[in-house]
Amino acid sequence: MVIKSAEIFHIVLPMKFSFVTGFGEIKERDAVIIKLESADGLIGWGESAALSAPVYLEETVETCIHILREFILPRLKNRNLEIDEFMTEIGFIRRNNLAKHGAETALWAIESQIKSESVSQLLGGSRKTVPLGESIGIMDDTNKLLGLVDKRLKEGYQRIKLKIKPGHDWELVKAVREKHPDILISVDANSSYTRDQISDLQRLDEFGLLMIEQPFAFDDIIDHAEAQKKLKTSICLDESITSSEDARKAIEIGACRIINVKPGRVGGLLETKRINEIAKNTGTKLWCGGMLETGIGKAYNIAAASLSEFSLPADITPSSTFFAEDITQPDLQLSRTGTVAVPQEPGLGFQVLSKTIDKYLVKKIKVF
Ligand code: OSB
Ligand code: MG
């Protein structure tokens with residue numbers, strides 16, 4: 001495909017409530033949206049899911065814009081490239097995975113229109129529906145949180161993920177487990193524990209959790225491997241896995257039994273497919289995480305979650321939960337059994353609302 005134009009949109013979507021995690025609070029959602037147009041007039045939308053501050057990963061909205069504008073998108077200008085060739089070509093750029101993913105996803109949308117197949121089909125996805133879980137931020141009032149858990153379970157979500165941090169873990173999980181003896185519960189620490197706090201994690205073993213997500217440092221696998229030996233509960237890595245090589249090494253040393261794959265964090269859908277292969281060969285369970293993306297990012301997360309090893313419920317929530325308004329329509333429809341359909345049509349699978357992008361626009365950059 002030949003790309004004739006590339007634009008970046010920085011928008012800010014107001015959130016209905018602030019989302020609190022072990023790394024801090026998200027009060028509004030900045031988003032980096034990429035729009036490519038092919039020489040044949042096909043449009044591809046992509047999203048780089050960076051937060052405004054480098055608190056989850058090192059990238060931010062502004063670093064994504066910089067890397068996309070200066071190093072990634074100019075290389076597409078009037079070239080006839082396959083997606084895998086292009087991703088290999090930009091492999092000289094160290095990390096900056098969210099930026100790479102934003103460009104790659106826009107290319108997939110165009111490729112999918114050229115091939116008249118959905119992105120899921122192009123990737124070799126086998127699932128027609130994806131099971132969903134819900135991620136619940138840290139709240140001061142446990143009764144309020146219990147009420148929210150009830151609401152989410154009634155809506156159909158198959159798993160509840162509780163954000164924890166030191167001093168805000170055992171009592172919270174106990175309260176939810178006592179009320180719901182049989183549901184799937186996981187916890188996500190977003191790197192807020194250190195290795196000398198392993199006993200805090202061991203205390204959670206009694207609750208039969210599905211997993212403990214990323215207790216230790218964002219770049220660690222050694223301490224996680226040590227902890228996995230001492231814990232009954234499976235460790236799931238999120239922040240620590242930024243590539244298929246990271247996944248291979250973490251699995252090899254026993255640092256996790258489960259991986260939360262965010263296609264953005266690992267640098268795109270091709271890399272996601274590689275992790276799917278590694279998981280298949282090693283019996284590692286996968287699920288697709290989320291980062292409060294707009295509907296554009298979510299569409300590609302759903303395509304990723306249709307891959308064979310993504311058997312556990314995904315953090316892919318209808319936009320109306322978090323945002324007053326999204327830049328795509330229709331919103332995701334959660335079925336009564338807690339699943340969402342994988343779009344089967346070519347392209348993004350959702351309509352992009354240019355007027356809504358304009359409404360929340362901070363800046364627009366025409367790269368070429
Ligand atoms: O650790 O999974 C995480 C949001 C932003 C950054 C990191 C994380 C999250 C979430 C949100 O947990 C889950 C969602 O998008 O539904
Ligand atoms: Mg996480």
Side-chain angles (χ1 to χ4, degrees), residues 13 15-32 47-61 64 97-98 101 130-139 148-149 152 155 157-165 185-193 209-220 224 234-242 250 256 258-266 286-302 304-305 312-323 326 331-332 334 338 340:
L13 293 183
M15 301 237 328
K16 286 183 172 170
F17 54 88
S18 73
F19 188 79
V20 184
T21 75
F23 60 69
E25 197 171 345
I26 305 173
K27 293 183 178 154
E28 51 184 13
R29 187 65 173 101
D30 285 74
V32 179
E47 178 169 357
S48 290
L51 301 177
S52 50
V55 287
Y56 164 73
L57 293 173
E58 62 274 40
E59 290 177 270
T60 69
V61 163
C64 279
N97 289 344
L98 298 172
H101 172 76
V130 169
L132 300 194
E134 178 67 332
S135 172
I136 298 187
I138 293 171
M139 293 165 76
L148 191 54
V149 170
R152 296 295 176 237
E155 285 167 354
Y157 288 98
Q158 298 186 16
R159 174 272 289 145
I160 296 292
K161 162 168 138 182
L162 304 168
K163 293 284 189 180
I164 59 165
K165 61 182 180 181
I185 305 175
S186 66
V187 294
D188 184 2
N190 285 109
S191 300
S192 55
Y193 291 75
L209 299 176
L210 178 62
M211 66 187 104
I212 299 178
E213 187 176 335
Q214 194 75 34
F216 301 141
F218 72 95
D219 55 355
D220 168 78
H224 284 100
S234 293
I235 289 182
C236 166
L237 289 177
D238 174 350
E239 284 88 329
S240 295
I241 306 299
T242 65
C256 61
I258 299 173
I259 298 174
N260 165 348
V261 180
K262 294 178 185 169
R265 197 194 63 234
V266 303
L286 304 180
W287 57 284
C288 183
M291 295 177 62
L292 313 176
E293 291 92 341
T294 74
I296 293 176
K298 282 185 213 293
Y300 299 106
N301 287 350
I302 294 173
L312 298 174
D315 275 349
I316 304 173
T317 303
S319 296
S320 57
T321 305
F322 296 116
F323 308 126
D326 196 358
D331 198 2
L332 302 181
L334 183 72
V340 71

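If you read the sequence from its start, that first residue is 1, and numbering goes on from there. Both counts, for ligands and for their atoms, begin at 1 and track the order of listing.
Atoms of ligand 1 lying under 4.0 Å from any heavy atom of D238, numbered from 1 in the order shown and given with element: 1 (O), 2 (O), 3 (C). Less than 4.0 angstrom separates some heavy atom of E213 from each of these atoms of ligand 1: 2 (O). Within the listing of ligand 1, atoms 1 (O), 3 (C) sit less than 4.0 angstrom from a heavy atom of N190. Distances below 4.0 Å separate heavy atoms of L292 from the following atoms of ligand 1: 15 (O). Taking a cut-off of under 4.0 Å to the non-hydrogen atoms of T317, the atoms of ligand 1 that pass are 16 (O). For ligand 1 and K262, the ligand atoms under 4.0 Å from any heavy atom of the residue are 1 (O), 2 (O), 3 (C), 7 (C), 8 (C). Within ligand 1, counting atoms from 1 as listed, the ones closer than 4.0 Å to a heavy atom of F23 are 6 (C), 7 (C).
In this structure E239 satisfies the side-chain hydrogen bond (donor to acceptor under 3.5 Å, both in side chains) test together with N190, sequence neighbours excluded. Evaluation of the side-chain contact (heavy atoms from CB on, under 4.5 Å) rule for S135 yields F19, K161, K163, D315 as partners, not counting sequence neighbours. Taking V20 as the reference, S18, E25, I138 meet the side-chain contact (heavy atoms from CB on, under 4.5 Å) condition, with sequence neighbours excluded.
Taking any N or O of K163, backbone or side chain, at least one lies under 3.5 Å from an N or O belonging to ligand 1. Looking at ligand 1, you won't find any N or O of E293 less than 3.5 Å from one of its N or O atoms.
Rounded to the nearest 0.5 Å, atoms CD1 (I164) and OG1 (T21) are 12.0 Å apart. The OG atom of S48 sits 13.0 Å away from atom CG of D30, with the distance rounded to the nearest 0.5 Å. With values rounded to the nearest 0.5 angstrom, L57 atom CG is found 5.5 Å from M291 atom CE. Rounding to the nearest 0.5 angstrom, the gap separating the CD1 atom in I185 from the CZ atom in R159 is 11.0 Å.
Residues T321 and R152 meet the side-chain proximity criterion, which asks for heavy atoms closer than 4.5 Å. Put simply, the side chain of K262 does not reach to within 4.5 Å of the side chain of C288, judged on heavy atoms. The side-chain heavy atoms of F322 and F17, taken from C-beta on, include a pair separated by under 4.5 Å.
Under 4.0 Å from ligand 1, not a single heavy atom of E134 appears. At a heavy-atom cutoff of 4.0 Å, ligand 1 is contacted by no atom of Q214, backbone or side chain. If you look at I316 next to ligand 1, there are no close heavy atoms at all, none under 4.0 Å. In T21, neither the side chain nor the backbone holds a heavy atom less than 4.0 Å from any atom of ligand 1.
At the shortest separation from atom 9 (C) of ligand 1 among protein heavy atoms lies G290 O, 3.5 Å. Of the protein's heavy atoms, M291 CA, 3.8 Å lies nearest to atom 5 (C) of ligand 1.
Although no hydrogens or angles enter the test, the distance criterion places a donor-acceptor pair under 3.5 Å between the side chain of S191 and the main chain of F216. A donor-acceptor pair under 3.5 Å links the side-chain atoms of R265 to the main chain of N260, judged by distance alone.
Sorted by chain and number, the protein atoms of type N, O or S within less than 2.8 Å of the Mg ion (ligand 2) are D188 OD2, E213 OE2, D238 OD2.
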Side chain to side chain donor-acceptor pair (under 3.5 Å) between N301 and E293, intermediate numbers included = CA-CA 9 Å; N301 287 350; E293 291 92 341; 3.1 Å; yes

